[in-house]
J.: 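One structure follows; several queries about it will come next.
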2 protein chains.
Amino acid sequence: MTEPGPGGESLLFLTDEQLRKGIEAMFFAYRGFTADPDRILDGMDYGRAHHRAIHFIHRSPGTTVNNLLNILGVTKQSLNRVLRTLIDDGLVESRVGKQDKRERHLHLTSKGLELERQLSDAQRARMRAAYRAAGPQAVQGFRTVLEAMMDPEMKRQYQTLKEGGA
Amino acid sequence: MTEPGPGGESLLFLTDEQLRKGIEAMFFAYRGFTADPDRILDGMDYGRAHHRAIHFIHRSPGTTVNNLLNILGVTKQSLNRVLRTLIDDGLVESRVGKQDKRERHLHLTSKGLELERQLSDAQRARMRAAYRAAGPQAVQGFRTVLEAMMDPEMKRQYQTLKEGGA
DNA sequence: CTTGGAAAGTCAACAAGGCTGACGTAACTT
DNA sequence: AAGTTACGTCAGCCTTGTTGACTTTCCAAG
């Protein structure tokens, strides 16, 4: 069933074949997406989980642990393991909240900022190259489809972050 | 440096801010992308690794273990563990090569095809919804950017698969 | 025919990074 | 005073990745 015609290029009626290509594009592209930071982190004592924590602390300085938990979608035990090493190594600073002293507000130290820059430089370079190669229209479409693929909850997170910058 | 102007919408000169949004879009969208199959697999004895193996065996029936290794980018030991359970459970059949009897050619059994369909139905449904919501132009751009983000090696794999269907 | 090397499989050990469950403490809320 | 929230932590488990070493099978070159 849903046999496509003779390999047509029309994107209007979505064949399983076209959807499968989209699925594989996501798979292979995500590999590229993580490859550069992974390469940098390999050899350090850190991994992708540390990268994610650093990224989101950087983009929302002063965020609480709970906040980060929701964004990353992992358990506190899992995050804690990662966070502890980052704090111990002096990349992340954990400040007791002023209003609510139960909360810990997370910030990158200068050392943390340095690693963040290294990692995001690499990732941005690839993204920039892809954007340039594809052109502005493609970029628009890229973001539109990705946004439509997110779970509503994640989309909310994404958009909050998107607007919410300082 | 690279300070953006007043939150402009121009995609022509790529600010770090715009690139960061692209990076986070990839992160959150990939979560959505894997969420449905993960949900299905949760409770079975299988995980994402099994899904990937099943997917690529389905799309290239008769592929060899080595071939699969290259596509998935893992070690043979890692793949073997996954493959063995799938073979033992009767989802995958491993046939000794006719030309080269060292090779094993992998096929899904009817039971394997059943699970494949279940998984890809879920994943395609999300992809279809996203495509529909975004429109044909966006889809074009989506695929263009993803392709530009792949490592050359992965891109080759992707395109080989893309054209190479039976 | 023998031998070298490729392809495949297997065993063992280990690490990262998820998870659950249980427990403790401090601080805020009612 | 009691309950809830935020955080940290201990212990143990699972999946999926890794290396290294070794065997079996088989093709192909000498």
Side-chain angles (χ1 to χ4, degrees), chain A residues 27 30-31 34-35 37-57 62-89 92-107, chain B residues 27 30-31 34-35 37-57 62-89 92-107:
Chain A
F27 174 69
Y30 198 77
R31 285 252 292 272
T34 56
D38 281 358
R39 228 182 327 269
I40 292 170
L41 291 164
D42 191 54
M44 304 191 195
D45 292 351
Y46 306 130
R48 215 176 277 181
H50 300 82
H51 180 197
R52 289 197 284 262
I54 287 171
H55 175 97
F56 285 106
I57 293 171
T63 189
T64 64
V65 172
N66 232 346
N67 220 314
L68 205 49
L69 241 39
N70 290 328
I71 290 170
L72 296 175
V74 297
T75 59
K76 67 174 176 174
Q77 292 92 330
S78 200
L79 176 58
N80 200 255
R81 178 170 35 199
V82 163
L83 224 41
R84 202 187 327 133
T85 70
L86 291 174
I87 292 169
D88 288 352
D89 295 354
V92 168
E93 195 189 343
S94 169
R95 299 181 198 154
V96 172
K98 285 186 177 171
Q99 326 258 314
D100 187 334
K101 290 179 195 162
R102 290 170 307 177
E103 294 180 341
R104 300 298 134 88
H105 297 275
L106 303 169
H107 299 262
Chain B
F27 174 71
Y30 198 77
R31 285 251 294 270
T34 57
D38 281 358
R39 230 183 323 269
I40 292 169
L41 290 163
D42 191 54
M44 305 193 195
D45 291 351
Y46 306 130
R48 215 177 275 182
H50 300 84
H51 179 196
R52 291 196 283 261
I54 288 173
H55 175 95
F56 285 106
I57 293 171
T63 189
T64 63
V65 172
N66 228 351
N67 219 314
L68 206 48
L69 241 41
N70 291 327
I71 290 170
L72 296 176
V74 298
T75 59
K76 66 175 175 174
Q77 293 91 331
S78 197
L79 176 58
N80 201 257
R81 177 171 34 202
V82 163
L83 226 39
R84 202 185 330 131
T85 70
L86 291 174
I87 291 169
D88 289 351
D89 294 353
V92 169
E93 196 189 344
S94 168
R95 299 181 196 155
V96 173
K98 285 185 177 172
Q99 324 259 314
D100 186 334
K101 292 177 193 161
R102 290 167 303 179
E103 294 180 342
R104 301 298 134 87
H105 298 274
L106 303 169
H107 299 263

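The figures here come from the full heavy-atom set of this structure, side chains too, leaving out hydrogens, waters and symmetry mates.
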J.: Report the relative orientation of the aromatic rings in B:Phe27 and A:Phe56; use parallel for angles under 30°, tilted for 30 to 60°, perpendicular for over 60°.
T.: tilted
J.: Measure the distance from NZ on B:Lys76 to C1' on D:dT16 and round it to the nearest whole Å.
T.: 18 Å
J.: Sequence neighbours left out, cut at 3.5 Å: what donor-acceptor pairs do the side chains of residues 78-85 of chain A make with other protein atoms?
T.:
{"from": "A:Thr85", "atom 1": "OG1", "to": "A:His50", "atom 2": "NE2", "distance (Å)": "3.3"}
{"from": "A:Thr85", "atom 1": "OG1", "to": "A:Val82", "atom 2": "O", "distance (Å)": "2.8"}

J.: Select from B:Arg84 and A:Ala49 the residue whose nearest nucleotide in DNA chain C is closer to the 5' end of that strand.
T.: B:Arg84
J.: What's touching nucleotides 24-30 of chain D from the protein side, N or O pairs under 3.5 Å?
T.:
none

J.: Expressed as a whole number of angstroms, how long is the span from B:Leu79:CG to D:dT18:C1'?
T.: 14 Å
J.: Check the distance between D:dG17's P and A:Leu41's CG and give it to me in whole angstrom.
T.: 18 Å
J.: Any donor-acceptor pair, under 3.5 Å, between the side chain of B:Gln77 and the base of D:dG20, if you only look at N and O atoms?
T.: yes
J.: For B:Asn80 and D:dT23, give me the distance from atom CG to atom P, rounded to whole Å.
T.: 18 Å
J.: Considering non-hydrogen atoms only, spot the tightest contact between A:Leu86 and A:Ala53 and give its length.
T.: CD1-CB, 4.2 Å
J.: Using a cut-off of less than 4.0 Å, is there contact between a side-chain N or O of B:Thr75 and OP1 or OP2 of D:dT18?
T.: yes
J.: Does any N or O donor sit under 3.5 Å from an N or O acceptor when you compare the side chain of B:Arg81 with the base of D:dG17?
T.: yes
J.: Can you measure B:Asp38 atom CG to D:dT16 atom P for me and round it to whole angstrom units?
T.: 9 Å
J.: For the helix from C:dC1-D:dG30 to C:dT30-D:dA1, measure the angle between the helix axis at one end and the axis at the other, each built from five pairs, rounding to 10°.
T.: 20°
J.: Distance check, rounded to the nearest 0.5 Å: A:Thr63 atom OG1 versus A:Leu68 atom CG?
T.: 5.5 Å
J.: Could you state the CG-C1' distance from A:Asp42 to D:dT18, rounded to the nearest angstrom?
T.: 10 Å
J.: CZ of B:Arg52 to OG1 of B:Thr34: how many Å apart, nearest 0.5 Å?
T.: 9.5 Å
J.: Would you be so kind as to tabulate the donor-acceptor pairs closer than 3.5 Å made by side chains of residues 37-47 of chain A, with sequence neighbours excluded?
T.:
{"from": "A:Asp38", "atom 1": "OD1", "to": "A:Arg48", "atom 2": "NE", "distance (Å)": "3.3"}
{"from": "A:Asp38", "atom 1": "OD2", "to": "A:Arg48", "atom 2": "NE", "distance (Å)": "3.3"}
{"from": "A:Asp38", "atom 1": "OD2", "to": "A:Arg48", "atom 2": "NH2", "distance (Å)": "2.6"}
{"from": "A:Arg39", "atom 1": "NH2", "to": "A:Asp36", "atom 2": "OD1", "distance (Å)": "2.7"}
{"from": "A:Tyr46", "atom 1": "OH", "to": "A:Asp89", "atom 2": "OD2", "distance (Å)": "2.4"}

J.: Measure from NE2 on B:His50 to C1' on D:dT16 and round the result to the nearest Å.
T.: 9 Å
J.: According to side-chain contact (heavy atoms from CB on, under 4.5 Å), who are the partners of B:Asn66, at least two apart in sequence or on a separate chain?
T.: B:Thr64, B:Leu69
J.: Taking any atom closer than 4.0 angstrom to a non-hydrogen atom of chain B, what span of DNA chain C does the protein reach, first nucleotide to last?
T.: C:dG5 to C:dC11
J.: Report the residue (B:Asn67 or A:Gly73) whose heavy-atom-nearest nucleotide on DNA chain C is the more 5′ of the two.
T.: B:Asn67
J.: Consider side chain to side chain contact (heavy atoms under 4.5 Å, CB included). Of B:Arg104, B:His105, B:His107, which one does B:Ser94 pass it with?
T.: B:Arg104
